[in-house]
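All values derive from a computational prediction rather than experimental measurement.
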Amino acid sequence: MLSKLKDYYEFLIGTIGFGLLLLVTIVNRECISFNIVLFAILSITGILLERISIKIDDFTVTLSSAVMLGYYFISGLVPTLWLIFIVFMTSNYIYYHKQAIRMYFSIGMLFIMFTLSHYLIKITGRQIITISNINDIINCIIFGLAIFIFNWIILIMQNIIVFNDELSTKFFEAFKWDFYTNFIVIPLSILMSYSYHQYSFIGLVVFLLLIVTFNLLFRLVRNLIFINKGLSLSHQVSVSIVSKLDLSETISNILIGIKQLVNCDYCALIEFDKNSCTVRTLDFIADEYINFDSRIIDNYLTKHFEKILTLKESFVLEDVKKSRYINDPTKVPEDLVSLIYEPLILDNEIIGCVLISSKYRGRFSKEQLYILDNLANQIVVAIENARLYKEVYNNAIKDELTGLYNQRYFFNALDSLTDACAACTFRDCIKCNKTSLIIFDIDHFKKINDTYGHQTGDKILSEIANIIKNNVRANDKVFRYGGEEFTVILPKTDQQHAYDIAERIRKAVENTKFYSSEGDEIKITISGGLAEFPDEADSGAELLAYADRAMYIGAKKQGRNKISRYVASM
């Protein structure tokens with residue numbers, strides 16, 4: 001919805017601007033002078049200055065505006081509007097390849113700015129003909145400031161009306177740079193006009209060279225400041241992500257940090273799996289108006305997996321559909337236009353990439369790529385640290401044979417029950433923390449080991465572990481308590497519901513066909529007992545003791561293959 005509203009606004013501004021161009025061309029007869037050679041020289045200079053422009057997010061700062069202003073002071077409104085048209089249409093065709101609506105908006109906005117400023121000056125009686133005294137210079141300064149004001153009125157209206165949002169920090173940064181540019185643009189345009197009037201083409205060429213030099217220096221300063229700020233922010237992001245050991249939290253922090261560094265519409269962290277030759281998006285951040293599914297990218301990259309593994313250098317694509325990397329542009333989502341590809345390399349092997357995109361052409365710069373290149377190594381280190389921590393942590397709390405939580409983690413979980421109740425603020429216990437515990441034991445398991453061997457015993461333990469896992473809920477925890485015993489902690493579950501779950505597991509085991517390592521069918525059953533906290537037990541230790549008593553007294557001693565609930569008389 002926001003994207004469509006923005007397009008409508010840009011179309012309106014563009015239409016008004018081009019309408020003013022046609023209107024003043026037909027009606028306005030105030031052309032001071034027109035020289036085709038002058039027009040050609042300034043057109044070429046303007047196009048060159050657009051090539052070395054300074055990009056700040058969605059905004060472009062360039063000294064080509066000094067050429068436009070200077071030409072206005074020399075030739076008047078109508079020739080200047082047509083100079084704007086030639087310069088920006090040509091620049092877009094050669095350099096920027098903007099979407100038609102964006103180009104229409106940008107050029108139309110310039111037409112509006114110059115036309116409104118021209119008639120504002122005229123209404124106030126400050127018409128500019130030549131620059132021969134201080135009053136003429138003041139008029140030129142007022143005209144330049146009027147253009148600046150009209151420019152930002154249009155942009156602020158776009159930000160507030162279209163996006164219904166507060167002005168962002170980056171918006172104010174672009175405003176600041178554009179404002180500072182006026183301290184160079186306006187004096188240069190005045191001097192350019194004065195030099196042309198006094199020294200003809202010789203003076204003009206000298207000042208055009210001066211303007212180009214200023215633009216190059218201004219671009220250099222801006223890039224140095226941008227890189228310095230980017231490296232500082234990159235360092236902060238590095239510290240943030242390297243200090244995290246949870247993998248999902250690390251990935252989330254990486255994406256948030258990249259979004260701070262690069263103003264983008266979509267950012268994803270992608271993993272390459274060489275074993276399965278597939279690509280998987282681990283996580284992504286996307287603006288609400290972006291209309292494509294990350295699975296589209298995963299499927300496309302998986303299809304070209306072998307080629308992707310060769311892309312070990314980062315790059316920027318100004319227009320994805322016109323890139324040599326894309327075989328079928330029709331398969332590219334409409335909102336994926338410009339792109340940054342940043343590979344993640346570990347031990348000289350590519351393990352994934354960061355993919356950053358925008359729905360606008362030419363959105364990203366080489367300076368941004370330089371910052372991301374420096375950050376990429378830190379991203380790889382952070383992800384690898386988080387993976388290793390997860391692996392070590394899982395090994396510490398998981399049983400190697402069954403993959404279930406181990407006994408030590410089970411006792412920690414039991415202790416947390418008592419801790420939760422100890423922290424309760426209710427004066428009288430309302431038993432709000434109902435938790436049930438089930439303990440299972442495989443019937444006659446020693447006989448199975450003695451008859452078929454420990455390899456078969458291990459196989460049956462793993463299969464029963466899977467049956468239990470597949471018959472509990474997502475938030476229930478299953479443990480291998482020891483030997484042939486398993487426990488299940490069921491949060492927010494009373495004894496009756498726990499019994500239903502335990503009985504379902506018992507029947508599933510009873511109805512499953514088990515086989516020895518040699519292929520002999522074995523009949524397996526389990527017995528179980530359960531108890532509830534805090535109704536029956538006051539602590540985790542008591543809960544375990546009561547569930548164990550229920551299993552041996554109510555199930556094992558009653559013929560096995562049963563589930564028994566704890567009662568106080570046991």
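With Y341 contributing its side chain and L311 its backbone, the two residues share a donor-acceptor pair below 3.5 Å. Within the 3.5 Å criterion, the main-chain N or O of F88 finds no donor-acceptor partner in the side chain of S91. A donor-acceptor pair is defined here as one N or O able to donate and one able to accept, closer than 3.5 Å; no such pair exists between the side chain of S357 and the backbone of L339. D283 places no side-chain N or O within 3.5 Å of a backbone atom of S252 that could act as its donor or acceptor partner. Between the S193 side chain and the I190 main chain, no donor and acceptor come within less than 3.5 Å of each other. Between the side chain of S106 and the main chain of M103, no donor-acceptor pair closer than 3.5 Å is present. A distance-only check finds no donor-acceptor pair linking the side chain of N151 to the backbone of I147 [under 3.5 Å].
In this structure, the side chains of Q368 and I371 stay at 4.5 Å or more apart for every pair of heavy atoms. Side chains of I107 and L21 form no contact here, defined as non-hydrogen atoms less than 4.5 Å apart. For the pair I340 and L372, the minimum side-chain heavy-atom distance is below 4.5 Å. Within the 4.5 Å cutoff, the side chain of M68 has no heavy atoms near those of the L49 side chain. For the pair E342/L369, a side-chain contact is recorded, criterion being any heavy-atom separation below 4.5 Å from C-beta on. Inter-residue side-chain proximity for K274 and L309 is flagged as met; some heavy-atom pair is nearer than 4.5 Å. Counting only heavy atoms from C-beta outward, the side chains of L12 and Y8 never approach each other to under 4.5 Å. The side-chain heavy atoms of L81 and H118, taken from C-beta on, include no pair separated by under 4.5 Å.
To the nearest 0.5 Å, atom CG of residue L204 and atom OH of residue Y71 are 11.0 Å apart. Taking CD from E271 and CG from L344, the interatomic distance works out to 10.5 Å, rounded to the nearest 0.5 Å. Residue I47 holds its CD1 atom at 11.0 Å from CG of L42, rounded to the nearest 0.5 Å. Atom OG of residue S189 and atom OH of residue Y72 lie 12.0 Å apart, to the nearest 0.5 angstrom.
Smallest separation of non-hydrogen atoms from Y405 and K477: CE1-CG, 4.1 Å. Between I356 and C264, the closest heavy-atom pair is CG2-CB, 3.4 Å. Nearest heavy-atom pair across L145 and I186 is N-CD1, 4.0 Å. Closest approach of C267 and L255 over heavy atoms only: SG-CD2, 3.6 Å. Heavy atoms only, all atoms of each residue included: S64 and G46 are closest at CB-O, 3.9 Å. Listed here is the closest heavy atom pair of F39 and I86: CZ-CG1, 4.0 Å.
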H304/Y300 under ring-ring contact (aromatic ring centres under 6.0 Å, His included): CA gap, chis, key distance, verdict: CA-CA 7 Å; H304 301 86; Y300 185 88; 4.5 Å; yes
Verdict with reasoning, Y9 to M157, per side-chain contact (heavy atoms from CB on, under 4.5 Å): CA-CA 10 Å; Y9 180 83; M157 286 173 61; 3.5 Å; yes
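Between F148 and W152, the angle of the ring planes lies from 30° to 60°, which puts this pair in the tilted group.
Taking the six-membered ring for Trp and the full ring otherwise, Y104 and F18 have centroids separated by under 6.0 Å.
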